[in-house]
Structure formats: C-alpha cells, structure tokens
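Here is the naming used below: chain letters follow the sequence lines, and residue numbers restart at 1 for every chain. Everything numeric in this text was worked out from a predicted model, so none of it was measured.
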Protein chains: 2
Amino acid sequence: MATTTDKASSRDRLLDAAARLSYRDGVGIGIEALCREAGVSKRSMYQLFDSKDAMLAASLERRIPRYEARLAHPDPDHATPRERIRHVFEQVTGAAADPDYRGCPYLAVLVELKDPEHPASVVARAVKQRLTDSFRAEAERGGARDPELLARQLVLVFDGASARAGARVEHLEDGLAVTTATALMDAAGMD
Amino acid sequence: MATTTDKASSRDRLLDAAARLSYRDGVGIGIEALCREAGVSKRSMYQLFDSKDAMLAASLERRIPRYEARLAHPDPDHATPRERIRHVFEQVTGAAADPDYRGCPYLAVLVELKDPEHPASVVARAVKQRLTDSFRAEAERGGARDPELLARQLVLVFDGASARAGARVEHLEDGLAVTTATALMDAAGMD
DNA sequence: CGACGGGGAAACCGATCGGTGTATTTGCGT
DNA sequence: ACGCAAATACACCGATCGGTTTCCCCGTCG
C-alpha cells in the first residue's frame with residue numbers, strides 16, 4: 001500500500017517542516033515556504049489540513065511527546081522528586097547552549113499569536129498546563145508545604161528562563177535556572 | 001513655529017500608534033494600518049523614519065520613561081529595597097488584571113523578532129538590562145548575599161510572570177509574582 | 001492497452017506587504 | 001496676495017500572503 005505510506009510521509013514531512021520553520025522564523029512563516037521545505041505541493045497540503053492554523057496546531061501537537069520526553073528524568077524510578085524537577089531546568093540550560101535555541105516553542109507561540117482562541121494557542125496552553133501538573137505532582141511527592149504554589153512558581157521560572165535564553169538576553173550557562181528552582185524548592189520545604 | 005509643532009505631533013502620533021498596534025497585534029502589523037491609525041500619510045512617515053524597523057525601534061524607545069516610571073516606587077525615599085522590588089511585581093500583577101494586557105512589550109518584541117540584531121531588539125534588550133541593573137542595585141542596598149544572582153533570578157520571575165500573564169496562561173491575581181520574588185529575596189538573605 | 005484517479009507544478013485569486021514616485025492640496029511667512 | 005515648502009492622496013512597484021483551481025503526468029488496475 002504505497003499510497004497510504006506516501007500520504008503519511010507527506011503529512012509527517014509537512015508537520016516537521018512546519019515545526020522547524022515556525023520555530024526558527026515565527027508563526028508568520030508562509031505556506032509557500034513550508035511546502036517547498038517539505039517537498040509537498042500546496043494542493044496536497046490543503047487536502048491534509050483545513051488551513052494553515054490547523055497545520056500549525058497539528059505540528060505543535062506532534063512534538064509534544066518528544067518535548068515532554070526531553071524534560072522527563074531518564075531514570076524516574078531511582079530519582080527523587082527534587083532530582084526530577086532539577087532535571088527539567090538542567091535540560092533548559094543545556095538547550096540554551098545551542099545558538100539556534102529560541103526558547104520554549106509553546107510559550108513562543110502563545111506570545112506571537114496574541115489570540116488565546118487560536119487552535120495552536122490551545123495546544124500550547126495544554127502543554128503548559130501539563131508541565132504545571134507535573135511540577136505539582138513532584139512537589140506533592142517531595143512534601144512541599146504548598147505544592148500548587150511551588151508548581152506555579154517553578155513554571156514561572158521555567159518560562160522566564162526559556163524566553164530570556166531564547167531571546168539571547170540571558171545565557172543560563174552558570175546554572176541560574178537550576179539555582180533558582182532549587183531556592184524555591186528549599187523555601188517550599190521540599191525534601 | 002507651527003510647522004515644528006505639527007511635525008512633532010505627526011511623529012508622536014506615529015510612534016504612539018506603532019506602540020499601541022504592535023503591542024496589540026504583534027510586530028507584523030502593517031505600515032498602512034499604522035499610518036491610517038495615526039492619521040499620517042505613508043509618504044510623511046517615510047520622511048520621518050528610514051524604515052518600518054527604525055520606527056518600531058523608536059516607538060519602543062519612546063515608551064521607556066513611562067514604562068520605567070510605572071515600575072519605580074512612588075515614594076523611593078521612604079521605601080526599603082524590599083518594598084521597591086516588591087512594588088515592581090505588584091505593578092505586573094496589577095497590569096495583568098487588564099484583559100488587554102499582553103505581557104511586557106519589550107520581552108514580546110524579543111520573542112517575536114527572533115533576530116537579536118534587529119534595531120527594536122537592541123532597544124528591548126537594553127530595557128531588560130536596565131531592569132536587571134536596578135534589581136541588582138536594590139539587592140546590594142538590601143544586603144543580599146549575591147546581588148547579581150538575586151537580580152538575575154528576579155528578572156527571570158519578572159519575565160516569566162509577564163509572559164505567562166500576557167499569554168493568559170497564568171493570572172497572577174493571588175500575588176504569585178510577589179510571593180515568588182519575596183521567597184527569592186528571603187533566600188538571598190536580604191533585609 | 002486503455003481508462004481512471006491521485007498528486008504535483010503552477011497559474012490564479014484578491015489582499016497586503018514594505019517602500020516609492022508623482023501630482024495636488026494645504027498652510028505658512030512675507 | 002503670493003510663493004514656497006511641506007504634507008497630502010493615490011497609484012504603483014515587485015513580492016508575498018492564505019487559499020483555490022486548472023491541467024497534466026504517472027502509476028495502478030481491469
């Protein structure tokens with residue numbers, strides 16, 4: 001069934017190109033350039049997606065597993081809640097060392113698309129919510145006094161760090177993000 | 001000298017319109033719409049500014065005094081360093097209550113214009129640097145153990161809070177930003 | 001071999017982009 | 001009242017926007 005395979009491949013190439021180009025150049029990237037990059041005709045892409053907005057949302061959604069896997073601790077069973085949280089901020093720090101790093105793509109989309117109802121904004125907000133939930137779960141396991149508060153504080157730092165590093169106004173290379181997260185965990189009375 | 005006055009007025013109207021529209025709709029806003037909003041012909045605006053980029057940078061620069069005045073404590077002489085820092089985060093919290101709040105305009109520009117060399121990015125980065133400097137000065141006055149570290153931590157929280165509030169993914173109305181800043185000041189051993 | 005159908009290339013749509021050229025109007029100083 | 005400069009309106013430039021349509025090629029199956 002070569003037909004099905006080709007279709008799926010086109011779809012994937014489109015979504016990958018959309019993720020890559022919109023991350024590098026912003027959501028204002030043109031459909032023409034996207035299709036050129038993906039090697040797919042504009043006509044085919046409009047058979048696969050209803051609109052540019054829908055494709056953008058789909059491309060963000062597709063990256064979620066990879067994104068969250070990167071933030072997850074490689075050995076969750078033998079790590080403490082502190083270590084798992086710490087790992088998240090170490091990953092941001094590491095990613096920021098790449099000169100092509102532009103910050104968390106989901107936050108960037110939320111900032112660029114001022115419309116919170118945009119399909120891509122909905123996806124991005126969901127990702128942020130899941131990060132908050134994950135922080136809160138770790139905070140609870142770690143015995144924080146106010147897990148909800150600590151989780152929201154950590155996301156504040158996470159987004160501040162990724163936005164500033166992506167905007168090249170902060171480098172993070174001395175571990176600023178990790179240090180700040182640690183200070184907040186300490187203040188929250190976590191193990 | 002009515003001529004000079006009119007010119008200044010056109011210039012000001014242009015810069016105000018640029019600041020307002022680019023904040024609401026992003027830096028991708030069109031020149032046509034800008035000039036329509038300002039009541040100035042496109043031809044006149046290109047005599048006042050070399051390019052759209054230059055006008056955008058100028059409009060950001062023009063708002064700096066207003067922006068920094070808002071963050072400055074109303075009675076600096078009778079306020080402690082802690083109170084002056086706290087005031088900054090209270091202002092963000094208050095601003096976020098406005099449904100039209102879209103976060104710190106300077107951070108938004110840095111995120112939207114991925115190019116750090118863009119004239120507007122240069123202006124925005126300078127504003128961020130001044131905020132960091134101001135935090136560090138307060139941290140020193142307040143006897144923080146590591147004023148530079150605390151200042152960078154506070155800006156992380158500031159940008160995270162403003163970005164998330166502007167993206168409508170965090171409301172801040174329960175004082176999250178103030179609480180977080182306070183926790184970091186405590187951890188830094190400030191008075 | 002021939003009919004069919006999906007996908008690609010590219011023209012096309014009206015709109016807008018940043019920027020310019022031009023001709024006209026406006027309003028000022030003398 | 002006149003002249004002059006500035007500001008205006010507006011057409012225009014090539015390029016691109018998101019999106020649609022046409023045409024044609026090429027592979028598959030009967």
Side-chain angles (χ1 to χ4, degrees), chain A residues 1-60 109 112-115 117-121, chain B residues 1-60 109 112-115 117-121:
Chain A
M1 51 165 85
T3 300
T4 302
T5 299
D6 287 353
K7 266 190 183 178
S9 174
S10 282
R11 204 187 129 89
D12 288 351
R13 272 181 290 134
L14 236 10
L15 291 177
D16 286 345
R20 207 155 38 82
L21 291 189
S22 73
Y23 182 62
R24 198 189 60 187
D25 302 328
V27 297
I29 183 70
I31 282 186
E32 211 96 37
L34 276 180
C35 293
R36 202 182 317 126
E37 179 84 2
V40 175
S41 75
K42 234 198 311 189
R43 184 176 204 281
S44 303
M45 102 89 141
Y46 272 107
Q47 281 172 224
L48 291 164
F49 302 100
D50 288 345
S51 66
K52 180 198 177 184
D53 290 351
M55 185 184 54
L56 181 60
S59 84
L60 288 181
V109 155
E112 290 178 49
L113 302 173
K114 319 264 178 189
D115 176 15
E117 308 302 323
H118 191 290
S121 294
Chain B
M1 48 164 91
T3 299
T4 301
T5 299
D6 286 354
K7 266 190 183 176
S9 174
S10 279
R11 207 186 128 89
D12 289 352
R13 270 180 291 134
L14 235 11
L15 292 177
D16 286 345
R20 208 155 38 82
L21 291 189
S22 74
Y23 182 61
R24 198 188 60 186
D25 302 328
V27 297
I29 182 72
I31 282 187
E32 212 97 35
L34 276 180
C35 293
R36 203 181 316 126
E37 179 83 3
V40 175
S41 74
K42 223 191 331 183
R43 209 69 185 80
S44 303
M45 103 88 142
Y46 271 106
Q47 281 172 226
L48 291 165
F49 302 99
D50 288 345
S51 66
K52 180 197 176 183
D53 290 352
M55 184 183 56
L56 182 59
S59 84
L60 287 181
V109 156
E112 290 178 50
L113 303 174
K114 320 264 180 189
D115 176 14
E117 309 303 321
H118 191 293
S121 294

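Protein atom CZ of B/Arg13 is 11 Å distant from nucleotide atom P of D/dA7, rounded to whole Å. To the nearest angstrom, P of D/dC17 lies 15 Å from CG of A/Leu56. Separating the OH atom of B/Tyr46 from the C1' atom of C/dC17 is a distance of 9 Å, rounded to the nearest angstrom. Going from atom NZ of A/Lys42 over to atom P of C/dC12 covers 13 Å, rounded to whole Å. At whole-Å resolution of the value, CE in A/Met45 and P in D/dC17 are 11 Å apart.
Within the nucleic acid shown, A/Leu34 has no heavy atom closer than 4.0 Å to any nucleic acid atom.
Of the candidate nucleotides C/dT20, D/dT21, D/dC17, D/dC17 has the atom lying nearest to any side-chain atom of A/Glu32.
For the OP1/OP2 pair of D/dA7 and a distance below 4.0 Å, the side-chain nitrogens and oxygens of B/Ser44 include no atom meeting the criterion. Under 4.0 angstrom from either OP1 or OP2 of D/dA6 there lies no side-chain N or O belonging to B/Gln47.
In this structure, the side chain of A/Glu112 does not engage the main chain of B/Glu112 through any donor-acceptor pair within 3.5 Å.
Under 4.0 Å is where a charged nitrogen must lie from a carboxylate oxygen, and between A/Arg13 and A/Glu37 no such pair does.
Within 6.0 Å of the CG atom in A/Asp115, the count of heavy atoms belonging to other residues, nucleotides or ligands exceeds 12.
For C/dG19, its base never sits under 3.5 Å from the side chain of B/Lys52 at any donor and acceptor pair.
Counting only N and O atoms by type, the side chains of B/Arg43 and B/Gln47 include no donor and acceptor under 3.5 Å apart.
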